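Fair warning: this is a prediction, and the values are worked out from it, not measured in the lab. Here is the naming used below: chain letters follow the sequence lines, and residue numbers restart at 1 for every chain.
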Amino acid sequence: MTHIRAPRGTIDVFPEKPGVWQRLEETVRSVCRNAGYTEIRTPIFEHTELFQRGVGESTDIVEKEMYTFLDKGERSITLRPEGTAPVVRAYLEHKMWALPQPVKVYYIGPMFRYERPQMGRLRQHTQFGVEALGASSPALDAEVISVLISVYQRLGLEGFVVRLNSIGCSKCRPRYKESLMNLLSKHTDELCADCRRRLERNPLRVLDCKNERCAGLAKKLPPIFDYLCEDCSRHFEGVTECLTALDLIYELDPTIVRGLDYYTKTVFEVIHSGLGAQDALGGGGRYDGLAEELGGSAIPGVGFAAGIERAVQVLQDAEGGAIGQEAGRVNVFIAAMGDEAKLQALRLARLLREQGTSADIDYLDRSLRAQMKYADKQGVKKVVIIGEDELKGDYAVVRDMATGDQAQVQFRDLVQVLT
RNA sequence: GUAGAUGUAGCUCAAUGGUAAGAGCGCUGGACUGUGGCUCCAGAGGUUGCGGGUUCGAGCCCCGUCAUCUACCCCA
């Protein structure tokens, strides 16, 4: 019999790590709550069509990375590869336009993409994100960015960089694309094979190609700022104005274009050099056309998604893994010798737990010495010792593990002394 | 989908094609009959990822496969 292992590209998060995960999740919840975002939980699977229409038929995600299957009712179902389309679907489905606008929500949960695993890339990974729907103010774009930054700042994370760009809207982007195509088609022989393909489908992607010659060529291309329409241009200025007012530092980066079709106007990424080739901690932008694409009316929206595993990695690297330990699993260990004393220990443990003190006992019939050793390794603060003498005298010995001080305590006073 | 590297004990790693695959850490027990940390001793723990092949003989060489890591691609 061969062992069953976790599927490729998945991980177990166990003993050392949950502490970091919990801290991260609590920070996300707290920061979001303070900014007026409430939690939304959407299904982990959706109709495949949601992502085909929302994320875009020609994107890599939809084209080759989705976990799609037919359920027993012959419906095409897909494990969600991202969080924005489901949230917009929920907004439309529950007619949240009838609520006071904007509707601001956050989520934390697993996403699935069938990719080759590598550093910072899994087939199941966890994202936290926010979506703010129903307002097109540039101040909201800035708020979303500031929420993401606040999460990292509250965690004490350093060394991340915010990159910002605008990719225009359905009015002005086509003009830019067209001129890129015109300019680049004169140099097709200098482009890499991938970019030659991109030229037809989405010339914007040539801008963020890592190939040296392509990148060199991309530098000579006019920035999109020259092509933005009046509306997009003003919006972008508004965003930068707000970010400056918030004292947030960012870099303008015309090469960030994002790989999902729904983005309009503002796009941004937060990157960190400690992550390897997949250097984005998180990213997002505005998606004013998405609701319409999903059959709703024109509802503007802006949001981000960020990777929990990547943040955990950076945090652990920075803090040497020390934060991983959940300090002292329990406060009190009850060491007992003899059957009668073990029953007493069992009762006492339950009593302490009910009073809010964590407590544990031995389940391996170990010697007192071994029980002490175990208690020490668990990092408990106090050990209660119960043996025949104690039972006779109706007391227990309480030992302080840090100082080594011991005292006899009457059974009826035990709970009070230990809580 | 492509490329390179790597798979030996729970972990980190040894072992020229040649005996019965070892060490450190960790785990369990003992020295210390009812008291942790230090020290010493002992024990448990392996289908050398899996399947073929070459060879008198394979952990080591060859082929395949699976997995991990890294990179391309793309993204969180």
Side-chain angles (χ1 to χ4, degrees), chain A residues 1-11 14-16 55 58-65 80-84 108-129 148 192-195 197-198 202 205 208-211 256-260 267 269-272 275-284 303-314 333 335-338 341 364-391 396-406:
Chain A
M1 280 270 273
T2 54
H3 295 274
I4 297 173
R5 312 167 51 149
R8 181 153 211 214
T10 65
I11 54 164
F14 66 103
E16 289 93 57
V55 177
S58 70
T59 58
D60 278 14
I61 290 177
V62 172
E63 217 168 47
K64 51 194 185 192
E65 294 174 0
R80 64 179 183 198
E82 61 97 48
T84 302
I108 303 176
M111 304 295 165
F112 306 84
R113 288 181 208 173
Y114 191 85
E115 296 184 274
R116 292 286 284 237
Q118 70 181 70
M119 192 182 207
R121 196 169 72 186
L122 295 163
R123 288 184 175 179
Q124 175 180 334
H125 75 282
T126 315
Q127 287 184 358
F128 66 92
L148 180 56
C192 67
D194 286 324
C195 283
R197 256 186 295 114
R198 288 180 183 126
N202 186 357
R205 297 224 65 95
D208 71 345
C209 183
K210 281 158 197 151
N211 180 294
I256 77 169
V257 296
R258 313 290 300 164
L260 291 78
V267 290
E269 288 176 356
V270 175
I271 60 164
H272 195 284
L275 284 170
Q278 318 302 311
D279 62 356
L281 277 169
F304 70 74
I308 299 254
E309 288 85 353
R310 289 185 187 177
V312 167
Q313 191 195 327
V314 174
F333 184 85
M337 286 156 293
L364 290 177
D365 282 330
R366 284 190 259 231
S367 66
L368 177 61
R369 179 183 165 70
Q371 290 186 51
M372 295 297 292
K373 244 183 180 166
Y374 177 76
D376 181 49
K377 274 178 230 165
Q378 296 300 306
V380 308
K381 295 190 177 73
K382 294 199 166 144
V383 172
V384 177
I385 299 165
I386 308 173
E388 279 178 33
D389 297 347
E390 286 78 5
L391 286 178
V397 171
V398 175
R399 179 182 179 86
D400 184 305
M401 292 298 270
T403 63
D405 296 340
Q406 293 196 172

Inset, instruction - Describe the nucleic acid contact of Gly283(A) in one word from base, sugar-phosphate, nothing, applying a heavy-atom distance below 4.0 Å. - result: sugar-phosphate
Legend entry - Phosphate OP1/OP2 of A71(B) contacted by Gln118(A) side-chain N/O (<4.0 Å): yes
Legend entry - C40(B) - base-pair partner by Watson-Crick or wobble geometry, distances under 3.5 Å: G30(B)
Inset, instruction - Please determine if a side-chain N or O atom of Arg366(A) lies less than 4.0 Å away from the OP1 or OP2 oxygen of U28(B). - result: yes
Inset, instruction - In whole angstrom, give the distance that lies between atom CD1 of Ile11(A) and atom C1' of C69(B). - result: 15 Å
Inset, instruction - Kindly point out which of C32(B), A71(B), C73(B) is positioned nearest to the side chain of Gln278(A)? - result: C73(B)
Legend entry - Pairing of Arg258(A) and Glu269(A) as salt bridge, 4.0 angstrom limit: yes
Inset, instruction - Could you check whether Glu82(A) gets within reach of a base, just the sugar-phosphate, or nothing at all, counting any heavy atom under 4.0 Å? - result: nothing
Inset, instruction - With a 3.5 angstrom cut-off on both distances, give the Watson-Crick or G-U wobble partner of U68(B), or none if there isn't one. - result: A5(B)
Legend entry - Shortest side-chain distance from Arg121(A), nucleotide among C72(B), A67(B), U35(B): C72(B)
Inset, instruction - Examine C27(B): is either OP1 or OP2 under 4.0 Å from a nitrogen or oxygen in the side chain of Lys377(A)? Give yes or no. - result: yes
Legend entry - Sugar-phosphate, base or nothing in reach of Arg399(A), heavy atoms under 4.0 Å: base
Inset, instruction - In whole angstrom, give me the gap between the C1' atoms of A21(B) and G17(B). - result: 15 Å
Inset, instruction - Please check the phosphate of U68(B) (OP1 and OP2 only) for any side-chain N or O of Arg8(A) closer than 4.0 Å. - result: yes
Inset, instruction - Using a 4.0 Å heavy-atom cut-off across all strands, classify Glu390(A) as base, sugar-phosphate, or nothing. - result: base
Legend entry - Among A71(B), G37(B), A76(B), the one nearest Arg116(A) by side-chain distance: A71(B)
Inset, instruction - Write down the distance between CZ (Arg310(A)) and C1' (C74(B)), rounded to a whole number of angstrom. - result: 10 Å
Inset, instruction - Check every atom of A67(B), G30(B), U35(B) against the side chain of Met372(A) and return the nucleotide holding the closest atom. - result: U35(B)
Inset, instruction - Please give the nucleotide sitting opposite G45(B) as a Watson-Crick or G-U wobble pair, both distances under 3.5 Å, or none. - result: none
Inset, instruction - Go through G36(B), C74(B), A76(B) for me and flag the one nearest to the Asp376(A) side chain. - result: G36(B)
Legend entry - Closest to side chain of Lys64(A), choosing from A31(B), A76(B), C73(B): C73(B)
Inset, instruction - Give Gln371(A) one of three labels, base, sugar-phosphate or nothing, depending on what nucleic acid heavy atoms sit under 4.0 Å from its own. - result: nothing
Legend entry - Over all atoms of both residues, closest heavy-atom pair of Leu122(A) and Gly9(A): CB-O, 3.3 Å
Inset, instruction - Choose from A76(B), G30(B), G34(B) the nucleotide whose nearest atom is closest to any side-chain atom of Ala305(A). - result: A76(B)
Inset, instruction - Determine the contact category for Gly284(A): base if any of its heavy atoms lies under 4.0 Å from a base atom, sugar-phosphate if only primed atoms, P, OP1 or OP2 are that close, otherwise nothing. - result: nothing
